[in-house]
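What follows is one structure encoded as structure tokens, with my remarks underneath.
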Amino acid sequence: MSVKFLLDGDVVEIAPCDPTGTLLEYLRGPLRRTGTKEGCAEGDCGACTVLVGELAGDQVQWRAVNACIAFLPMLHGKALMTVESLARGGALNPLQACMAANGSSQCGFCTPGFVMSLHGRAIGALGSELPVADVIAGNLCRCTGYGPILEAGETVSRLVQDDSGLAQALAGLADDGSGTFEGRQWFAPRSSDALAAILADYPAARIVAGATDVGLWVTKGLRELDTVVFIWDVADLKAVDETPEGVRLGAGVRYAQA
Ligand SMILES: Cc1cc2nc3c(=O)[nH]c(=O)nc-3n(C[C@H](O)[C@H](O)[C@H](O)COP(=O)(O)OP(=O)(O)OC[C@H]3O[C@@H](n4cnc5c(N)ncnc54)[C@H](O)[C@@H]3O)c2cc1C
Ligand code: FES
Ligand code: FES
């Protein structure tokens, strides 16, 4: 099977897919979307920030992701927006135009990452209720001193994006992913029963949740992983249950949701 995701509404299909190939490598290589930058390759600087959307009911829930440590199978069944997605017909979107006009960009290397974090906030991505400064806490800039970037985020704080067609398209992509690449297998199950069955068959498989640790084993440690199971999409691991005894967080609950 292949990895399939939507980029600006078009299906991108990768087959076979390297389970530990990073989204950043794929964007800058085969897709030639070089607006997304590599700064640190370890999730620190935010130069590689993109927006990943997934179906939540009949809506698309976006969130900012560091492409440098996101493995390609984590994109299976998702929607992707890069900085190239924003300008239409050669015209910058309002946030980009504001940042260009107010001096938010000097050398420019960090700018696409800031644009994507702030665009995410403006369209209601996960964590967008937070102050601008918190939303860009994962983006580093050596040049500007951050003042104009904060100002741009406050000035263009809401943008309307119609994702209704995208939500329908995503519904058609939702399935359990799996594949083989040069003898290495990967799985992206959607239920804990499917996950349990995979782990029974492959007890030595490496579980990957957010990949903010495992990602660095690959990008910095240059490790090769054999069988990999991605648990991002296991629905019953994403539950937050409040009980009289306390709050129970599933193993797939994200920090921003907890
Ligand atoms: C920029 C940056 C800053 C960081 N700052 C901190 C920090 O301040 N403090 C800190 O503690 N860490 C920090 N980390 C490290 C890392 O983010 C954390 O350890 C994080 O909790 C890892 O979660 P993850 O879901 O991304 O794990 P992954 O990278 O997906 O997995 C990490 C390990 O847990 C295993 N695993 C994952 N899910 C399961 C599961 N359900 N069952 C069994 N095993 C599982 C994996 O096999 C792997 O061994 C940072 C990382 C980055 C990139
Ligand atoms: S390149 Fe620095 S966070 Fe990805
Ligand atoms: S403008 Fe140079 S790093 Fe931000």
Side-chain angles (χ1 to χ4, degrees), residues 19-20 22-28 33-52 63-74 82-83 96 99-100 102-118 136-153 186-189 191-192 194-196 198-200 202-221 223 225-239 248-258:
T20 52
T22 69
L23 174 58
L24 181 63
E25 290 166 339
Y26 196 75
L27 284 173
R28 294 185 57 83
R33 291 221 172 191
T34 52
T36 307
K37 305 299 183 205
E38 180 178 78
C40 62
E42 60 181 36
D44 279 319
C45 74
C48 65
T49 306
V50 295
L51 294 176
V52 174
R63 65 202 172 84
V65 166
N66 288 327
C68 66
I69 49 172
F71 295 130
L72 286 168
M74 296 164 75
T82 70
V83 72
Q96 291 173 303
M99 291 179 73
N102 84 345
S104 288
S105 184
Q106 290 184 20
C107 80
F109 198 81
C110 68
T111 309
F114 277 101
V115 167
M116 295 314 288
S117 293
L118 291 176
I136 59 170
N139 296 86
L140 302 182
C141 176
R142 291 295 299 267
C143 306
T144 63
Y146 299 98
I149 301 172
L150 289 163
E151 182 188 276
W186 64 269
F187 301 91
S191 70
S192 52
L195 172 62
I198 293 163
L199 292 177
Y202 301 92
R206 171 60 56 190
I207 294 175
V208 174
T212 59
D213 194 23
V214 178
L216 277 68
W217 302 359
V218 173
T219 61
K220 297 292 166 169
R223 280 175 61 177
L225 307 178
D226 282 335
T227 306
V228 189
V229 184
F230 297 94
I231 62 166
W232 247 18
D233 291 324
V234 178
D236 25 350
L237 294 185
K238 292 196 221 172
R248 191 172 134 156
L249 303 175
V253 174
R254 292 167 185 133
Y255 182 71
Q257 293 168 308

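Both ligands and their constituent atoms are indexed starting at 1 by order of listing. This chain uses plain numbering: 1 for the first residue, then up along the sequence.
A distance of 11.0 Å separates SG of Cys48 from CD of Glu42, quoted to the nearest 0.5 Å. For the atom pair CD of Glu151 and OG1 of Thr144, the computed distance is 11.5 Å after rounding to the nearest 0.5 Å. Atom OH of residue Tyr202 and atom CZ of residue Phe187 lie 4.0 Å apart, to the nearest 0.5 angstrom. For the atom pair Thr36 OG1 and Met116 CE, the distance stands at 7.5 Å (nearest 0.5 Å). In this structure, Ile136 CD1 and Leu150 CG are separated by 4.5 Å, a value rounded to the nearest 0.5 Å. The distance from atom CD1 of Ile231 to atom NZ of Lys238, rounded to the nearest 0.5 Å, is 10.5 Å.
In this structure, atom 13 (C) of ligand 1 has its sub-4.0 angstrom surroundings free of protein heavy atoms. Distance check for atom 22 (C) of ligand 1: a protein heavy atom is found below 4.0 Å. Within a 4.0 Å radius of atom 34 (O) of ligand 1, the protein contributes no heavy atom. Distances from atom 10 (C) of ligand 1 to the protein include no heavy-atom value under 4.0 Å. Under the 4.0 angstrom criterion, atom 50 (C) of ligand 1 counts as lacking any protein heavy-atom contact. Closer than 4.0 Å to atom 7 (C) of ligand 1 lies none of the heavy atoms of the protein.
Among the atoms of Cys45, an N, O or S atom falls under 2.8 Å from atom 2 (Fe) of ligand 2. Note on Cys110: counted as a metal contact of atom 4 (Fe) of ligand 3, an N/O/S atom lying under 2.8 Å. At a threshold of 2.8 Å, atom 4 (Fe) of ligand 3 has a backbone or side-chain N, O or S atom of Cys141 nearer than that distance. Atom 2 (Fe) of ligand 2 lies at 2.8 Å or more from every N, O or S atom belonging to Cys68.
Atom CZ of Arg254 has more than 12 neighbouring heavy atoms from other residues, nucleotides or ligands inside a 6.0 Å radius.
Taking every heavy atom of both residues into account, Phe109 and Lys37 meet most closely at O-CG, 3.4 Å. Contact detail for Ala64 and Thr49: the closest heavy-atom pair is CB-CG2, 3.9 Å. Contact between Gly39 and Ala47 at its shortest, heavy atoms only, is N-CB, 4.1 Å. Between Pro19 and Val228, the shortest heavy-atom distance links the atoms CB-CG2, 4.4 Å. In terms of heavy atoms, Ala152 sits closest to Met99 at CB-CG, 3.5 Å. Considering all non-hydrogen atoms of both residues, Val234 and Ser191 come closest at CG1-C, 3.6 Å.
Listed by number with element, the atoms of ligand 2 under 4.0 Å from a non-hydrogen atom of Asp44 are 3 (S). Of all atoms in ligand 1, listed by their number and element, those nearer than 4.0 Å to a heavy atom of Val208 are 30 (O). Of all the atoms in ligand 1, the ones that sit under 4.0 Å from a non-hydrogen atom of Gly43 are 1 (C). Taking every heavy atom of Cys107 and a limit of under 4.0 angstrom, the matching atoms of ligand 3 come to 1 (S), 2 (Fe), 3 (S). If you number the atoms of ligand 1 from 1 as listed, the ones under 4.0 Å from a heavy atom of Ala251 come out as 41 (N). Near Gly108, meaning under 4.0 Å from any of its heavy atoms, are these atoms of ligand 3: 1 (S), 2 (Fe). Counting the atoms of ligand 2 from 1 in the order shown, those under 4.0 Å from a heavy atom of Cys40 are 1 (S), 2 (Fe), 3 (S). In summary, the atoms of ligand 2 found under 4.0 Å from a heavy atom of Gly43, numbered by their order in the structure, are 3 (S). For ligand 1, the atoms closer than 4.0 angstrom to any heavy atom of Glu42 are 53 (C).
Atom 28 (P) of ligand 1 has its closest protein heavy atom at Ala211 N, 3.6 Å. Given atom 3 (C) of ligand 1, the protein heavy atom at minimum distance is Asp44 OD1, 4.6 Å. Remark: minimum distance from atom 26 (O) of ligand 1 to any protein heavy atom is reached at Thr212 OG1, 2.6 Å. Counting only heavy atoms of the protein, atom 3 (S) of ligand 2 lies nearest to Gly46 N, 3.2 Å. The protein non-hydrogen atom at the shortest distance from atom 1 (S) of ligand 3 is Gln106 N, 3.3 Å. Nearest protein heavy-atom contact of atom 32 (C) of ligand 1 is Asp213 CB, 3.7 Å.
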* Asked: What do the steps show when you test Phe114 against Tyr146 for side-chain contact (heavy atoms from CB on, under 4.5 Å), and what is the final call?
  -> CA-CA 10 Å; Phe114 277 101; Tyr146 299 98; 3.6 Å; yes
* **side-chain contact (heavy atoms from CB on, under 4.5 Å) between Leu72 and Tyr26, worked out** => CA-CA 8 Å; Leu72 286 168; Tyr26 196 75; 3.7 Å; yes
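For Arg206, a nitrogen or oxygen atom sits less than 3.5 Å from a nitrogen or oxygen atom of ligand 1, counting backbone and side chain alike. At least one N or O atom of Gly210 sits closer than 3.5 Å to an N or O atom of ligand 1. Taking any N or O of Gly215, backbone or side chain, none lies under 3.5 Å from an N or O belonging to ligand 1. Residue Ile207 has at least one nitrogen or oxygen atom sitting less than 3.5 Å from a nitrogen or oxygen atom of ligand 1, judged on distance alone.
At a 4.0 Å heavy-atom cut-off, ligand 1 touches Ile231 through the side chain alone. Using a 4.0 Å cut-off between heavy atoms, Ala67 makes no contact with ligand 2 at all. Only side-chain heavy atoms of Trp217 come within less than 4.0 Å of ligand 1; its backbone N, CA, C and O stay farther off. Contact annotation for Ala209 and ligand 1: heavy atoms of both the backbone and the side chain come within less than 4.0 Å of the ligand.
The backbone N or O of Ala41 lies less than 3.5 Å from a partner atom in the side chain of Thr219, making a donor-acceptor pair. Asn102 places a side-chain N or O within donor-acceptor distance of the main-chain N or O of Ser104, the cut-off being under 3.5 Å.
Residue contacts with ligand 1 leave out Phe71, since none of its heavy atoms falls under 4.0 Å from the ligand.
The residue from Val234, Leu216, Val214 that puts a heavy atom closest to atom 29 (O) of ligand 1 is Val214. With atom 2 (Fe) of ligand 3 as the reference point, the heavy atom nearest to it among Pro148, Gly103, Cys143 is part of Cys143.
Put simply, the side chain of Ile149 does not reach to within 4.5 Å of the side chain of Asn139, judged on heavy atoms.
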